[in-house]
Amino acid sequence: MAVTHARGTTLLKWHRARRTATDPPFTAQRIVEGLRAGASVEVDLRIHADRGFAVLHDHRLDRETTGRGAVAATPAARLRTMALRDGTGKPSGHGVLLLEDLADLLADATLPRSALLQLDYKQEARDLDARSVAAFAAATAPIDEHLILSCGDADAVRILTDAAPGVAVGFDPCHRGAAGRALASGDFAGFVDRACLASPRATTIYLEIPLVLGAADAGFDLIGAFGARGRAVDAYTLGGAANVGMVPIVAGLLELGVDQLTVDDPEGLLALLTDAD
C-alpha cells in the first residue's frame with residue numbers, strides 16, 4: 001500500500017503485520033499476504049530461552065499471548081503451544097511464530113522485489129550471545145534479500161547484520177531520550193550527525209512523528225537531511241484505527257517527502273486519504 005503525492009510515493013507499512021486495525025498482530029496469514037503483495041511489513045523480535053527469536057513485542061507473554069511469564073525464560077517448544085491474542089485480549093486462533101518460521105512460510109512464495117519485512121529487535125546488544133547471533137543468521141539466510149533489521153541500539157544492529165550480511169540495516173536514533181533532547185535543544189543537525197555516525201550502514205532511519213513535525217515547525221527538515229545522506233526515513237506510528245484526525249498529520253509528513261509511514265491500519269488510512277482527495 002502506498003500514497004502517491006507531489007513529492008513522490010510514500011509506503012504505508014503494516015505495523016506488527018496488521019493490514020487493518022482489528023487484525024491480531026504478527027499472524028502468519030498477514031505476513032505472507034503482505035509480502036506476496038509487495039508490501040512493507042514489520043514484526044518485532046525477542047530472544048527466547050533457547051536463544052532463538054520469537055515474533056513478539058513485549059518482554060512478557062501475558063498481554064500478547066495465551067502464555068504467562070517472560071519470553072526470555074520460555075523455551076521454543078512451549079511458545080509453539082501458545083496462541084496470539086487479538087486486540088480485545090481474546091485468543092485469536094493464530095499461533096506464536098518463531099523467526100525461523102518466517103523462511104518456512106515464504107519458502108514456496110515468489111515475492112516481488114518490493115516486498116520488505118522489517119525485523120524490529122526489541123532488546124539490546126548486551127542481551128545477545130554467540131548462540132542468539134548464530135540463530136539469527138541461520139533463520140534469516142533463506143530470505144535475507146527481503147529483510148531489514150532495526151533497533152534503537154546501533155551496536156545490536158551491527159552485531160546481528162555482521163553475522164547476516166544479506167539483511168539490510170535500519171536504525172532508530174530516537175531511543176534513550178534522544179528525540180526529546182533534540183526537540184528541547186533544537187540541535188537537529190547534531191541529531192542527524194550522531195545518528196549517521198552511530199549506524200553508518202543504515203539505509204533506513206526510523207523517526208518518531210512528533211520529532212519530524214517538531215523539527216519542521218522549527219525550520220529544520222529532518223527527512224531532507226537524512227535523504228541528503230542517502231537514508232530513507234520511516235515516520236512512526238499512526239496508531240489505532242484510521243480517523244480524520246490523522247489526515248493533517250499525514251499531509252504534513254507527505255509534504256516533507258517522508259518515504260514510509262508506520263501504520264496500524266494501512267487499509268483504513270489509504271481509504272481515508274482517498275476519500276479526502
Side-chain angles (χ1 to χ4, degrees), residues 1 12-35 37 39-102 104-106 117-124 127 139 150-152 172 174-175 206 208-210 234-246 249-250 261-272:
M1 295 180 184
L12 302 182
K13 186 180 71 189
W14 298 23
H15 184 223
R16 301 187 190 177
R18 287 180 291 196
R19 194 183 79 187
T20 71
T22 57
D23 286 338
F26 309 133
T27 66
Q29 173 190 349
R30 287 300 198 219
I31 293 169
V32 173
E33 176 186 359
L35 293 177
S40 179
V41 180
E42 182 257 6
V43 298
D44 297 322
L45 296 182
R46 282 199 172 269
I47 299 171
H48 58 66
D50 295 321
R51 306 308 294 166
F53 295 81
V55 180
L56 292 170
H57 175 276
D58 295 353
H59 77 281
R60 292 188 61 83
L61 295 160
D62 309 55
R63 185 180 68 90
E64 290 183 293
T65 79
T66 54
R68 295 179 64 83
V71 177
T74 306
R78 198 189 324 164
L79 287 167
R80 291 193 184 280
T81 68
M82 299 172 189
L84 296 164
R85 294 188 185 276
D86 64 20
T88 68
K90 296 178 181 177
S92 67
H94 297 274
V96 173
L97 296 172
L98 304 183
L99 178 58
E100 58 265 31
D101 295 334
L102 300 178
D104 292 340
L105 288 171
L106 300 166
L117 182 61
Q118 177 190 345
L119 306 175
D120 194 22
Y121 175 56
K122 306 308 289 187
Q123 296 174 247
E124 298 182 343
D127 299 307
S150 61
C151 183
D172 180 350
C174 296
H175 286 238
Y206 301 88
E208 296 175 2
I209 289 173
D234 175 309
Y236 67 91
T237 302
L238 290 167
N243 61 79
V244 293
M246 293 178 180
I249 297 171
V250 174
L261 291 173
T262 297
V263 184
D264 279 347
D265 186 12
E267 184 174 90
L269 182 61
L270 188 61
L272 192 66

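Reckoned from all heavy atoms, side chains included, excluding hydrogens, waters and symmetry mates.
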Taking atom types as modelled, is there a side-chain donor on [X] or [Y] under 3.5 Å from an acceptor on the other?
{"X": "D234", "Y": "T262", "result": "yes"}
{"X": "E267", "Y": "T20", "result": "no"}
{"X": "D172", "Y": "Y236", "result": "yes"}

Write down the atom of [X], the atom of [Y], and the distance for their closest heavy-atom approach.
{"X": "A39", "Y": "M1", "value": "CB-N, 4.4 Å"}
{"X": "R30", "Y": "W14", "value": "O-CZ3, 3.7 Å"}
{"X": "A17", "Y": "V43", "value": "CB-CG1, 4.1 Å"}
{"X": "A242", "Y": "G268", "value": "CB-C, 3.5 Å"}
{"X": "L79", "Y": "H48", "value": "CD1-CB, 3.5 Å"}
{"X": "R18", "Y": "D23", "value": "CD-O, 3.1 Å"}

Measure the shortest side-chain to side-chain distance between [X] and [Y] over non-hydrogen atoms and say whether it is less than 4.5 angstrom.
{"X": "L105", "Y": "L35", "answer": "no"}
{"X": "V71", "Y": "L61", "answer": "yes"}
{"X": "D264", "Y": "L269", "answer": "no"}
{"X": "L272", "Y": "V250", "answer": "no"}
{"X": "L98", "Y": "V55", "answer": "no"}
{"X": "E42", "Y": "Y206", "answer": "no"}

Distance, nearest 0.5 Å, that separates [atom1] of [X] from [atom2] of [Y]:
{"X": "K13", "Y": "L238", "atom1": "NZ", "atom2": "CG", "value": "11.0 Å"}
{"X": "D44", "Y": "Q123", "atom1": "CG", "atom2": "CD", "value": "11.0 Å"}
{"X": "R16", "Y": "L56", "atom1": "CZ", "atom2": "CG", "value": "10.5 Å"}

For the pair [X] (side chain) and [Y] (backbone), establish whether a donor and an acceptor sit closer than 3.5 Å, ignoring hydrogens and angles.
{"X": "T74", "Y": "A70", "answer": "yes"}
{"X": "N243", "Y": "G245", "answer": "yes"}
{"X": "R46", "Y": "D58", "answer": "yes"}
{"X": "R85", "Y": "E64", "answer": "no"}

| task | Identify whether the distance between the nearest side-chain nitrogen and carboxylate oxygen of D101 and R80 falls below 4.0 Å. | result |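 A salt bridge is present here (some side-chain N lies under 4.0 Å from a carboxylate O).
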